[in-house]
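Structure first, then comments.
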Protein chains: 2
Amino acid sequence: MGRWEPNARGRLQEAALELYVERGYEQTTVAEIARRAALTERTFFRHFADKREVLFAGSEALQECAVEALDAVPAAASPIDAVAAALEEAAAVLQDRRAYARKRHAVVSANAELRERELIKLATLAAGLAEALRRRGVGEPAASLAAEAGIAVFKVAFARWVGEADERELAEVVRESLGELRAVTGGASGGSR
Amino acid sequence: MGRWEPNARGRLQEAALELYVERGYEQTTVAEIARRAALTERTFFRHFADKREVLFAGSEALQECAVEALDAVPAAASPIDAVAAALEEAAAVLQDRRAYARKRHAVVSANAELRERELIKLATLAAGLAEALRRRGVGEPAASLAAEAGIAVFKVAFARWVGEADERELAEVVRESLGELRAVTGGASGGSR
DNA sequence: GGATCGATGTCAGCGACTGACATCAACGGT
DNA sequence: ACCGTTGATGTCAGTCGCTGACATCGATCC
């Protein structure tokens, strides 16, 4: 048995989410989170860069798995299909944590600072996907456009999935939303209608 | 003549941008900005919600003019073309403040907190465009997808425009980028390649 | 068994931000 | 011309996010 209770980081994450749900993000102090986890404020900031980051610890792993999925797509696939495969992989991960993802989303969407952090995580994911596309020979601006468009689709799909009462799979909503983006952008390069 | 020097808000914006350029955003304190503007820290926070917002004061006006441009598009136009018209209007506004826009962009892109704020402003713009699309009868998720895709195009186009040495018009880069998005998403709804 | 290490605690301090109250020129009504 | 109100600003005290420096002490390695 160690000198301290194990899993300090996990206890902080759990305590933070509980408190953010109970009284809201702004009304919660870092000292309170640390106290509920039986730690000190200083230790909180050794594990997480700031008060928001405690809710976004899994985002690097999600990005890694999306990028790996993109790298695994056959070279013959189009950029947008490669991005779609990566997003469906990410969707599958969130699907497995469905209850947690929804609770977390409720907290994040209730606060502007947390939404900002979410957006920069998505932008970082887009940059990672664009870089992976360039590795497979896609040029600019096609790589960035495919990645950013994919993230746009993912944002819309996630919002629908969270709001829906039924039990469709997130990956399915992503596929459907991508199809609707294709419909809305149209294929021709100069046309209207 | 008033009791105080006029245009306190403008002086604060000017002083802030100068200092952010001179020593960087993080190394600048609000007290220093206020002092350069011959005001107090407290007054700074009466004009701007936080230290970042002083760089984003024009974003509401930009959104308003984009939304108005969208509302003015003939009803026959497709959603994506309506969004394109709105973005070209916004592009024209930035084109007129080209030197300022580039200096400001250098400051914002050098700091993560400022990038977060920029992203949420763009997300707010997307929401405003989506709402305007819904007013013209576009359903969901088409409205959100068209708006988010438009913002994705705008982000990529703006980055290219800022990075380019030549003097192309931003609106032209936006149009070109939208064409490239169309090319990259493809028109068919299920196909690859 | 002693040196080292790593996770945590303690403490002092800065800077962002806020609420409460004071100030005082300008303005409008009488 | 006087006076009450208004609104932008100043002053001050205080909370909270976040950081650097140093102390603690079980675990681990030689």
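The chains referred to below are lettered A, B, ... by the order of the sequence lines, with proteins before strands, and numbering in each begins at 1.
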What about B:Ile151 and B:Leu114, same hydrophobic cluster or not, with Ile/Leu/Val/Met/Phe/Trp/Tyr joined at side-chain heavy-atom distances under 4.5 Å? no
Could you check how far [atom1] of [X] sits from [atom2] of [N], rounded to whole Å?
{"X": "B:Leu12", "N": "C:dA16", "atom1": "CG", "atom2": "P", "answer": "14 Å"}
{"X": "A:Arg35", "N": "D:dC16", "atom1": "CZ", "atom2": "C1'", "answer": "16 Å"}
{"X": "A:Arg52", "N": "C:dA16", "atom1": "CZ", "atom2": "P", "answer": "15 Å"}
{"X": "B:Glu26", "N": "C:dC14", "atom1": "CD", "atom2": "P", "answer": "18 Å"}
{"X": "B:Glu113", "N": "D:dG17", "atom1": "CD", "atom2": "C1'", "answer": "11 Å"}
{"X": "B:Gln27", "N": "C:dC14", "atom1": "CD", "atom2": "P", "answer": "17 Å"}
{"X": "B:Lys51", "N": "D:dC18", "atom1": "NZ", "atom2": "P", "answer": "13 Å"}
{"X": "B:Phe48", "N": "D:dA8", "atom1": "CZ", "atom2": "P", "answer": "14 Å"}

If every non-hydrogen atom of A:Leu62 is compared with every non-hydrogen atom of A:Ala90, which pair is closest and at what distance? CD1-O, 3.9 Å
From A:Glu113 atom CD to B:Glu116 atom CD, the distance as rounded to the nearest 0.5 Å: 9.0 Å
Tell me, please, whether B:Phe44 has B:Arg35 positioned over its six-membered ring: NZ or CZ under 6.0 Å from the ring centre and within 45 degrees of its axis? no
Between protein and nucleotides 6-12 of chain C, map the contacts as a letter string: B base, S sugar-phosphate only, - none, heavy atoms under 4.0 Å, written 5' to 3'. BBBBB--
Just jot down the side-chain hydrogen bond (donor to acceptor under 3.5 Å, both in side chains) partners of B:Glu131, sequence neighbours excluded, or say none. none
Any salt bridge (Lys or Arg N to Asp or Glu O under 4.0 Å) involving residues 139-161 of chain B? Give me the pairs, sequence neighbours left out, ordered by first then second residue. A:Glu148-B:Lys155, A:Lys155-B:Glu148, B:Arg134-B:Glu140, B:Arg160-B:Glu176, B:Arg160-B:Glu180
